[in-house]
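Notes follow the structure.
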Amino acid sequence: MTRHARNCTAGAVYTYHEKKKDAEASGYGTQNRRVGKDSIKDFDCCCLTLQPCANPVITSDGFLFDKEAIIQYIISKKNEISRKLKEFEKQKRREQAELEELAEAERRSKLNDFLKIEKNIVSNQSSSSKERKSDLPSVSNMTEGRDKNLPSFWIPSKTPEVKLKKLEKPDKTVYCPMTNKPLRLKDLIDVKFTLVKDPDDKKSLIIKENRYMCGVTHDILSNAVPCAVIRTTGDVVTMECVEKIIKKDWIHPLTGEKLTERDIIPMQRGGTGYAHTNERLEGKYERPVLQA
């Protein structure tokens, strides 16, 4: 008898190594992967398009958007709200019509009952018996307008078991896709980046590794450098500049105007796979569990 191999599967025990190997091959289990540098949005990229902003604007929470992209987002959301509002108004009109039909049916029922009582009073017994026979309700489901309410069994939405879904009145507020807070176009602040001036670098702006610098200290901006936007002018500066220069006397270093703490908007930046600058740097994908 030959010696067993190291990972022989002829044993009676399903080992952890074999289970892990089979799970990877069959697509079961949970995958964890560290997010690398190439998988994270750059600090100057739009949160919607994930591309460098041509006309950057920023929210009061520090999320950067391309102006064209965020305007399209707001317009699409308003169109969706308008569509939902029309469906809600249509539902209200349908409910009102149903209430009016019920009221009219109740009125007709009371009138018919009254007429039947009057006929019974003035008619004799023989005629009343004939009228009773003629007044018996018909067993046909096509009389008295009941044919219009018949369910269509070949249409899924018309079957008797289907209940109409009641729509709620839609919210007319447009919310930010990043923070889920109310978003208005007039609250967006134009951002002004300072380009890196290097006469020897002839590359296009998009493929440059160092595109922008601090408007005051001229430090190179990147994901590893915390930045802030000055609300009044839109200039992008480093947080180090804010702490060491601006917060001394709260004066704008470029224009000389007075600033407040509210005028400093920290930019939400992407992180790297090697520095803890974001809270979520690990991607997790849940898959079915392989049972032993």
Side-chain angles (χ1 to χ4, degrees), residues 35 39-107 141-142 144-192 206 229 231 234 262 265-270 278-280 283-287:
V35 179
S39 302
I40 299 177
K41 179 183 73 69
D42 287 336
F43 75 100
D44 61 335
C45 290
C46 174
C47 292
L48 291 176
T49 63
L50 305 181
Q51 298 296 323
C53 297
N55 191 4
V57 292
I58 196 170
T59 64
S60 57
D61 294 308
F63 289 96
L64 195 71
F65 295 98
D66 196 335
K67 195 169 188 177
E68 182 179 357
I70 194 64
I71 288 176
Q72 289 180 356
Y73 171 81
I74 293 175
I75 292 174
S76 64
K77 285 296 180 182
K78 286 188 175 181
N79 290 338
E80 183 180 354
I81 292 171
S82 177
R83 177 182 59 81
K84 290 181 178 179
L85 193 61
K86 288 181 181 178
E87 292 178 357
F88 177 74
E89 294 294 337
K90 185 178 179 181
Q91 174 184 267
K92 284 182 62 177
R93 290 194 297 268
R94 184 170 62 248
E95 291 177 352
Q96 184 66 25
E98 289 176 357
L99 291 176
E100 292 177 357
E101 287 179 2
L102 289 174
E104 181 64 21
E106 186 177 0
R107 189 188 67 82
N141 58 1
M142 304 294 287
E144 298 181 1
R146 282 180 285 181
D147 55 332
K148 297 180 180 179
N149 298 325
L150 289 177
S152 302
F153 292 95
W154 54 91
I155 302 177
S157 60
K158 297 291 186 180
T159 54
E161 292 80 7
V162 174
K163 296 182 180 180
L164 292 177
K165 185 178 179 181
K166 189 171 183 180
L167 301 176
E168 300 293 337
K169 187 174 182 180
D171 189 0
K172 297 181 180 180
T173 307
V174 178
Y175 294 95
C176 177
M178 303 302 296
T179 61
N180 204 28
K181 294 180 180 179
L183 177 66
R184 296 183 298 179
L185 186 60
K186 65 179 182 179
D187 294 336
L188 298 176
I189 301 161
D190 293 330
V191 176
K192 184 169 60 178
I206 296 179
V229 176
R231 184 189 299 269
R262 181 177 173 273
I265 304 175
M267 290 183 64
Q268 302 292 336
R269 56 200 171 99
N278 269 7
E279 294 180 358
R280 293 175 292 178
K284 181 179 287 188
Y285 177 60
E286 302 287 349
R287 299 182 298 176

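A salt bridge is absent between K92 and E95; no separation between the charged side-chain nitrogens and carboxylate oxygens falls under 4.0 Å.
Considering only residues two or more places apart in sequence or on other chains, E87 meets the side chain to side chain donor-acceptor pair (under 3.5 Å) condition with R83. Shown here are the side-chain contact (heavy atoms from CB on, under 4.5 Å) partners of K86, two or more places apart in sequence or in another chain: S82. For K77, the salt bridge (charged side-chain N to carboxylate O under 4.0 Å, His left out) test picks out E80, with sequence neighbours left out. Shown here are the side-chain contact (heavy atoms from CB on, under 4.5 Å) partners of R184, two or more places apart in sequence or in another chain: K186, D187. Taking E106 as the reference, K110 meet the salt bridge (charged side-chain N to carboxylate O under 4.0 Å, His left out) condition, with sequence neighbours excluded. The side-chain contact (heavy atoms from CB on, under 4.5 Å) check on K192 picks up D235, with sequence neighbours excluded. Legend: residues meeting salt bridge (charged side-chain N to carboxylate O under 4.0 Å, His left out) with K90, ordered by chain and number and at least two apart, are absent. Applying the salt bridge (charged side-chain N to carboxylate O under 4.0 Å, His left out) criterion to R262, with sequence neighbours excluded, gives no partner residue. Scanning for side-chain contact (heavy atoms from CB on, under 4.5 Å) contacts around P170 gives K84, L85, F88, with sequence neighbours left out. Applying the side chain to side chain donor-acceptor pair (under 3.5 Å) test to D61 and every residue at least two apart in sequence or in another chain returns K181.
In this structure, T179 and T59 have side chains that are not in contact, with every pair of non-hydrogen atoms separated by 4.5 Å or more. Residues F63 and P177 have side chains not in contact (no heavy-atom distance under 4.5 Å, counting atoms from C-beta outward).
In terms of heavy atoms, V229 sits closest to M267 at CG2-CG, 3.6 Å.
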Hey, mind stepping through I81 and V174 against side chain to side chain contact (heavy atoms under 4.5 Å, CB included) and telling me if it holds?
-> CA-CA 9 Å; I81 292 171; V174 178; 4.3 Å; yes

Taking it one step at a time, do L64 and V191 satisfy side chain to side chain contact (heavy atoms under 4.5 Å, CB included)?
-> CA-CA 9 Å; L64 195 71; V191 176; 3.8 Å; yes

Solution key, residues 43-57 side-chain donor-acceptor pairs under 3.5 Å, sequence neighbours excluded:
| residue | atom | partner | partner atom | Å |
| --- | --- | --- | --- | --- |
| D44 | OD1 | R211 | NH2 | 2.9 |
| D44 | OD2 | R211 | NE | 2.8 |
| D44 | OD2 | R211 | NH2 | 3.0 |
| T49 | OG1 | Q51 | N | 3.4 |

Under 3.5 Å, which donor-acceptor pairs link side chains of residues 67-76 to any protein atom two or more places apart or in another chain?
| residue | atom | partner | partner atom | Å |
| --- | --- | --- | --- | --- |
| Y73 | OH | Y175 | O | 3.0 |
| S76 | OG | Q72 | O | 3.2 |
| S76 | OG | Y73 | O | 2.7 |

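Taking CD from Q268 and CD1 from I58, the interatomic distance works out to 8.0 Å, rounded to the nearest 0.5 Å.
Other residues, nucleotides and ligands contribute more than 12 heavy atoms inside 6.0 Å of the CD atom of E104.
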